[in-house]
Structure formats: structure tokens, C-alpha cells
Amino acid sequence: MLRRRKALDLSQEELADLAGMDRTWLSQLETTKAAVSIDIIEKIARAFEVDPAELLRAEP
């Protein structure tokens with residue numbers, strides 16, 4: 001998720017706004033300090049305009 005956000009040149013605040021979530025929560029997700037629910041995956045996928053499965057694929 002972090003790589004995709006940076007590739008799209010989005011700040012955490014911008015992505016959080018697009019996904020309708022708090023920036024600090026997004027930060028915790030990016031640093032794996034919080035578990036992610038399917039609802040959050042769907043919100044972030046909508047913000048990235050990708051299928052939720054894209055976010056679940058292992059990154060190289």
C-alpha cells in the first residue's frame with residue numbers, strides 16, 4: 001500500500017481523505033501496527049481505483 005501511495009504521489013493525508021479514514025489509522029496500517037479489515041481494504045481500493053484483490057497481492 002505504501003509503494004502504491006507513493007507511486008501515485010499521494011500523501012497519507014490525501015489518501016486518508018480519499019478513503020474516508022483518519023490519517024493516523026492509515027499510518028498504522030502502512031507500518032503494520034494495526035490489523036486491517038475488509039471494509040478498510042475496500043475503502044483504500046476505491047481511493048486507489050483498483051480491485052481490492054490488488055491490495056492483497058504480495059509485493060515483490
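All values below come from the heavy atoms of this structure, side chains included, with hydrogens, waters and symmetry mates left out.
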Requested in this report: Rounded to the nearest 0.5 Å, what's the gap from CG on Asp39 to CD1 on Ile44? Could you check?
Outcome: 11.0 Å
Requested in this report: Can you see which heavy atom on Asp22 is nearest to which on Ala16, and at what distance?
Outcome: C-CB, 4.0 Å
Requested in this report: Show the numbers, then the answer: is there a side chain to side chain contact (heavy atoms under 4.5 Å, CB included) between Leu26 and Met1?
Outcome: CA-CA 10 Å; Leu26 178 64; Met1 185 170 61; 3.9 Å; yes
Requested in this report: Could you grab the distance from atom CZ of Arg3 to atom CG of Leu8, nearest 0.5 Å is fine?
Outcome: 14.0 Å
Query raised in the report: When you measure from the side chain of Ser27 to the backbone N and O of Arg23, does any donor-acceptor pair fall under 3.5 Å?
Result: no
Report task. Output yes when Arg5 and Glu14 qualify as a salt bridge under the 4.0 Å nitrogen-oxygen rule, no when they do not. Result -> no
Query raised in the report: Tell me, do Met21 and Leu29 make a side-chain contact under 4.5 Å, heavy atoms counted?
Result: yes
Requested in this report: Evaluate the side-chain proximity of Arg46 to Leu18: yes if any heavy-atom separation is below 4.5 Å, no if none is.
Outcome: no
Query - Side chains of Leu55 and Arg4 in contact at under 4.5 Å (non-hydrogen atoms) - result: yes
Report task. Identify the heavy atoms of Ala19 and Ala47 that sit nearest to each other, and give their distance. Result -> N-CB, 3.9 Å
Query raised in the report: Can you tell me how far the NZ atom of Lys33 sits from the OG1 atom of Thr24, to the nearest 0.5 Å?
Result: 11.5 Å
